[in-house]
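To keep things clear, I will list the structure first and then write my remarks on it.
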Amino acid sequence: MERVSFTIDGKRVTGYKGQTVLQVARENGIYIPALCYDEEVRPYSACRMCLVHVKKGKRERLVTSCDYPVSEGIEVTTDSDVIRKCRKVVLQLLMARCPNLPKLKQMAAEFGVEEQPRFVKSNDDCILCGLCVRVCEDVVGVYAIGFEGRGFTRRVCTPFDEESPNCIVCGACSYVCPVDVIPIEEKDGYRIMERWHKKSRLIPCPKCGSYYLTEDQLKFLKEKTGLPEEELSICPSCR
């Protein structure tokens with residue numbers, strides 16, 4: 001892979017062509033806040049918290065670092081008065097929508113953000129980062145959830161807000177959720193995801209007996225890989 005050299009906050013760093021500014025920054029221990037980013041999922045640049053200033057030749061502009069590709073000689077600034085102002089407005093909007101999320105309260109305290117009466121308040125718990133939708137589509141590949149509506153009525157749900165036959169109750173959406181609002185419960189031999197109106201029987205590992213995956217997961221993996229159930233149901237610890 002082709003290596004590229006550039007600066008972040010005056011520090012000379014090296015990355016590879018195809019990487020993003022956020023990826024290289026994290027590899028070098030440089031903090032850039034982000035809510036809608038996960039390294040396993042394609043960038044979406046929804047939250048705008050990862051804004052940075054990039055100077056490339058004579059051109060200067062604010063960009064989202066999660067999807068901005070690195071290139072030779074660019075100069076990246078991760079903190080300035082303008083960047084802080086933009087991030088504060090983003091947090092004010094998010095807190096107006098979701099005022100009771102601990103993660104947002106933590107970030108608001110970090111950036112010195114206070115509530116703003118100019119924004120219409122709601123009482124939602126989803127910041128619409130899209131991580132759950134993207135991991136379900138791009139990583140798991142089952143398309144069980146998606147966006148519905150537009151503007152302030154936009155939300156994430158299953159088709160028609162009913163139990164989705166595509167959902168395999170794998171929990172990937174819960175794992176990537178940056179604000180922890182997709183709970184999973186395991187009870188009486190079932191894994192339950194109330195947000196998606198779905199539950200699935202847990203399958204015990206044939207060697208150690210510990211619950212490893214759901215019945216829907218096992219069926220999906222069997223169809224996907226063609227491997228026998230006996231092999232797929234063995235937990236990672238016993239393989």
Side-chain angles (χ1 to χ4, degrees), residues 1-2 15-20 22-24 26-27 34-47 66-67 69 126-149 154-239:
M1 291 186 290
E2 182 182 344
Y16 293 95
K17 191 173 182 179
Q19 284 189 300
T20 64
L22 182 59
Q23 286 176 320
V24 178
R26 291 190 170 186
E27 287 177 358
L35 285 169
C36 71
Y37 174 79
D38 187 279
E39 61 183 9
E40 301 298 331
V41 186
R42 60 185 167 87
Y44 188 56
S45 63
C47 74
C66 68
D67 62 354
C126 174
I127 63 172
L128 299 177
C129 69
L131 270 175
C132 58
V133 175
R134 286 176 287 142
V135 77
C136 188
E137 293 179 357
D138 298 346
V139 179
V140 183
V142 296
Y143 298 85
I145 55 177
F147 286 110
E148 176 195 75
R154 189 170 172 84
R155 67 189 185 118
V156 176
C157 63
T158 55
F160 306 105
D161 204 18
E162 298 176 353
E163 179 182 326
S164 171
N166 290 346
C167 179
I168 60 176
V169 202
C170 63
C173 54
S174 177
Y175 177 78
V176 299
C177 179
V179 289
D180 299 322
V181 294
I182 308 177
I184 297 179
E185 182 183 11
E186 295 190 354
K187 182 180 179 181
D188 299 328
Y190 284 85
R191 181 178 294 163
I192 305 164
M193 301 193 75
E194 288 190 5
R195 196 175 190 106
W196 314 137
H197 322 291
K198 189 70 181 275
K199 71 176 182 178
S200 184
R201 187 170 64 89
L202 287 162
I203 304 297
C205 170
K207 291 191 175 183
C208 68
S210 63
Y211 288 131
Y212 165 47
L213 77 175
T214 68
E215 191 173 45
D216 288 280
Q217 276 180 285
L218 183 60
K219 181 181 177 182
F220 174 77
L221 290 172
K222 185 180 177 181
E223 293 175 354
K224 198 80 171 177
T225 64
L227 296 173
E229 288 187 12
E230 295 76 15
E231 184 175 341
L232 291 170
S233 61
I234 298 174
C235 72
S237 299
C238 294
R239 287 177 186 171

So, do [X] and [Y] sit near enough that their side-chain heavy atoms are less than 4.5 Å apart?
| X | Y | value |
| --- | --- | --- |
| Pro159 | Ser164 | yes |
| Cys66 | Leu22 | yes |
| Leu221 | Leu227 | no |
| Cys132 | Val156 | yes |
| Arg239 | Lys207 | no |
| Glu163 | Trp196 | no |
| Val142 | Cys136 | yes |
| Leu202 | Ser200 | no |

Using side-chain contact (heavy atoms from CB on, under 4.5 Å) as the criterion, list what pairs up with [X], not counting sequence neighbours.
| X | answer |
| --- | --- |
| Lys187 | Glu185, Ile192 |
| Glu40 | Asp38 |
| Pro178 | Leu35, Ile127, Cys129, Leu131 |
| Ser174 | Ile182, Ile184, Met193 |

Inset, instruction - Specify the closest pair of heavy atoms between Arg26 and Ala34, including all atoms of both residues, with the distance to one decimal. - result: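 Looking at all heavy atoms of both residues, the closest pair is NH2-CB, 3.9 Å.
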Looking at residues at least two apart in the chain, or sitting in another chain, which of them share a side chain to side chain donor-acceptor pair (under 3.5 Å) with [X]?
| X | answer |
| --- | --- |
| Tyr44 | none |
| Glu162 | none |
| Tyr175 | none |
| Glu186 | Arg191 |

Name each donor-acceptor pair under 3.5 Å that joins a side chain in residues 230-237 to protein atoms two or more places apart or in another chain, with its distance.
{"from": "Ser233", "atom 1": "OG", "to": "Glu229", "atom 2": "O", "distance (Å)": "2.9"}
{"from": "Ser233", "atom 1": "OG", "to": "Glu230", "atom 2": "O", "distance (Å)": "3.4"}

Between [X] and [Y], is there a donor-acceptor pair closer than 3.5 Å when you use the side chain of the first and the backbone of the second?
| X | Y | value |
| --- | --- | --- |
| Gln217 | Thr214 | yes |
| Arg134 | Gly130 | yes |
| Glu223 | Phe220 | no |

Legend entry - Listed partners of Asp138 passing salt bridge (charged side-chain N to carboxylate O under 4.0 Å, His left out), at least two apart: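 Asp138: salt bridge (charged side-chain N to carboxylate O under 4.0 Å, His left out) contacts with Arg42.
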Inset, instruction - With sequence neighbours left out, write down each residue that passes salt bridge (charged side-chain N to carboxylate O under 4.0 Å, His left out) with Asp161, or none if nothing qualifies. - result: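 By the salt bridge (charged side-chain N to carboxylate O under 4.0 Å, His left out) rule, Asp161 matches Arg155.
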Legend entry - Nearest-0.5 Å distance that lies between atom CG in Asn166 and atom OG1 in Thr158: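 With rounding to 0.5 Å, CG (Asn166) is 10.5 Å from OG1 (Thr158).
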Legend entry - Approximate separation, where rounding is to 0.5 Å, of Cys167 SG and Asp216 CG: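 Going from SG on Cys167 over to CG on Asp216, the span is 7.5 Å.
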Inset, instruction - Any salt bridge (charged side-chain N to carboxylate O under 4.0 Å, His left out) involving residues 192-204? Give me the pairs, sequence neighbours left out, ordered by first then second residue. - result: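 Residue pairs passing salt bridge (charged side-chain N to carboxylate O under 4.0 Å, His left out), neighbours aside: Asp125-Arg195, Arg201-Glu215.
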